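Since the structure comes first, as structure tokens, the remarks are kept for the end.
These numbers come from a predicted model, not from an experiment. Numbers restart at 1 for each chain; the letters A, B, ... are given by sequence-line order, proteins then strands.
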Protein chains: 2
Amino acid sequence: MAGARALQKEKTRQAIIDAALMHLSAEHSFASLSLREVAREAGIAPTSFYRHFNDMDELGLTLVDESGLTLRELMRKARQRIEKNGSVINTSVETFMEFVERNPNIFRLLLRERSGTSVKFREAVAREVNHFKDELTEYLMAESEYSQEFAYTLAEGLVTLVFNAGAEALDLNPIEREKLKQRTILQLRFITFGAASEGKKA
Amino acid sequence: MAGARALQKEKTRQAIIDAALMHLSAEHSFASLSLREVAREAGIAPTSFYRHFNDMDELGLTLVDESGLTLRELMRKARQRIEKNGSVINTSVETFMEFVERNPNIFRLLLRERSGTSVKFREAVAREVNHFKDELTEYLMAESEYSQEFAYTLAEGLVTLVFNAGAEALDLNPIEREKLKQRTILQLRFITFGAASEGKKA
DNA sequence: GGCTTAAGTGTACAGGTGTACGCTGGATTG
DNA sequence: CAATCCAGCGTACACCTGTACACTTAAGCC
């Protein structure tokens, strides 16, 4: 009753997903990936694709969701590191940059679809990014005594800066990347400190 | 000797550029625009396109350059407003948001190609954004007594936050847009203030 | 053990793409 | 005025795309 049939189907589905992710790179976006291409790479007939997804959009949304999952795993790791290490800002930047370095194409997917041509895609990415903002907001509220609104504004700024640094890191060599990392850390310190100074009133 | 021939050519060239810009929108990117499509819209035969551009990439880079030009005009206006108004942060955000509202598709072009699949495109957009960073760096150095490096780090953070707010504004209604604007202003104040506190040492 | 279900196949078609090639007709030039 | 140039055209070709449709074949089920 293991469902050898369903098992094989799942395997093929994964092959499709893997094939799609494989073709993502600096010079190939998801938008420029065709159904036939992904079917070819996955080792199935073009029409077999439809047994798993209604169209490429559905596959794309699945990819975004999977990427978000990877991203959330990262968050969990960051939290653990912070508890041991202590330095919130440094650790966060460090962890995020590590993720970008290790999963450049997954990050590229999120980055591109964030400003892509599909509302659904944009919403899906926004949802993932919001997880970060919301979680960080709660952390800030617990740590300091900021109001919800105030903490959210700060969290939004922090996430924006880190996310953007990740995007810029993609095209840099290790040396420039390190410099970027240091600048980002400084920027985060500034905004955090500035908020702390004004935040007392809130 | 006005060159009726060259004049007509320039007119057609503009028609091509206009046609391309016209097709840019929330749901149509430059990447998904075909040579034939743009030729159709411009009212010329597909093959006539080659009299003006070697390929779509060349047209795309021209568009990015033109968009950068529009953006720099904006910068000039912002500077004028600041001189009269005084409030640097508010005026900057206000001006930039106005630009995004009035030229959403030009901004979308820059936004998308910034993370696009062509190195040349990415570099071209980076060049445009760097104009902002550099100019702001100089302004900050003149205003305060920051070192070049320190001022650049701050400028980078400021530009990132504003640019990103513009991107997010694209999908928002006027009410949410206004809220976003206010949050952005706050974020800029934080980072500026935080830098000022630490900047004395630099 | 036979009937059903569904994953995967292969063929076929209509429509889109970039671009090579040879031509035309009016502006430019000498 | 005659010769040249060149923006724009039309045809043609090879290639790629999504997907409709009828099929095989192996697993699932009673």
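- Taking atom CD on B:Gln8 and atom C1' on D:dG8, their separation rounds to 10 Å, with Å as the unit.
- Residues A:His28 and A:Leu33 are not in side-chain contact: their nearest non-hydrogen atoms beyond the backbone lie 4.5 Å or more apart.
- When the nucleotides D:dT19, C:dT19, D:dG28 are ranked by their closest atom to the side chain of A:Leu35, D:dT19 comes out on top.
- A:Gln14 has its CD atom 17 Å from the P atom of C:dA7, to the nearest Å.
- With rounding to the nearest 0.5 Å, the separation of CG in B:Leu186 from OH in A:Tyr152 is 13.5 Å.
- Backbone-only engagement by A:Arg40 is indicated by non-hydrogen atom pairs under 4.0 Å involving sugar-phosphate atoms exclusively.
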Report the C-alpha distance between A:Glu156 and A:Thr160 in whole Å, list the side-chain angles of each, state the deciding distance to 0.1 Å, and finish with yes or no for side-chain hydrogen bond (donor to acceptor under 3.5 Å, both in side chains). CA-CA 6 Å; A:Glu156 184 180 51; A:Thr160 299; 5.9 Å; no
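- Near-neighbour residues of DNA chain C inside residues 43-64 of chain A, defined by a heavy atom below 4.0 Å, number-ordered: A:Ile44, A:Ala45, A:Thr47, A:Ser48, A:Arg51, A:His52.
- Of the candidate nucleotides D:dG28, D:dG8, C:dA12, C:dA12 has the atom lying nearest to any side-chain atom of A:Arg36.
- Side-chain contact annotation: B:Gln8 with B:Thr12, donor-acceptor N/O pair under 3.5 Å present.
- Nearest to the side chain of B:Arg5, among D:dG8, D:dC6, C:dT17, sits D:dC6.
- Between the NZ atom of A:Lys9 and the P atom of D:dG28 there is a distance of 13 Å, given to the nearest Å.
- Heavy-atom distances under 4.0 Å link DNA chain C to no residue of residues 23-34 of chain A.
- The nearest whole Å value for the distance from the CG atom in A:Leu7 to the P atom in C:dA7 is 14 Å.
- Atom CZ in A:Arg13 sits roughly 17 Å away from atom P in C:dA6 (whole-Å rounding).
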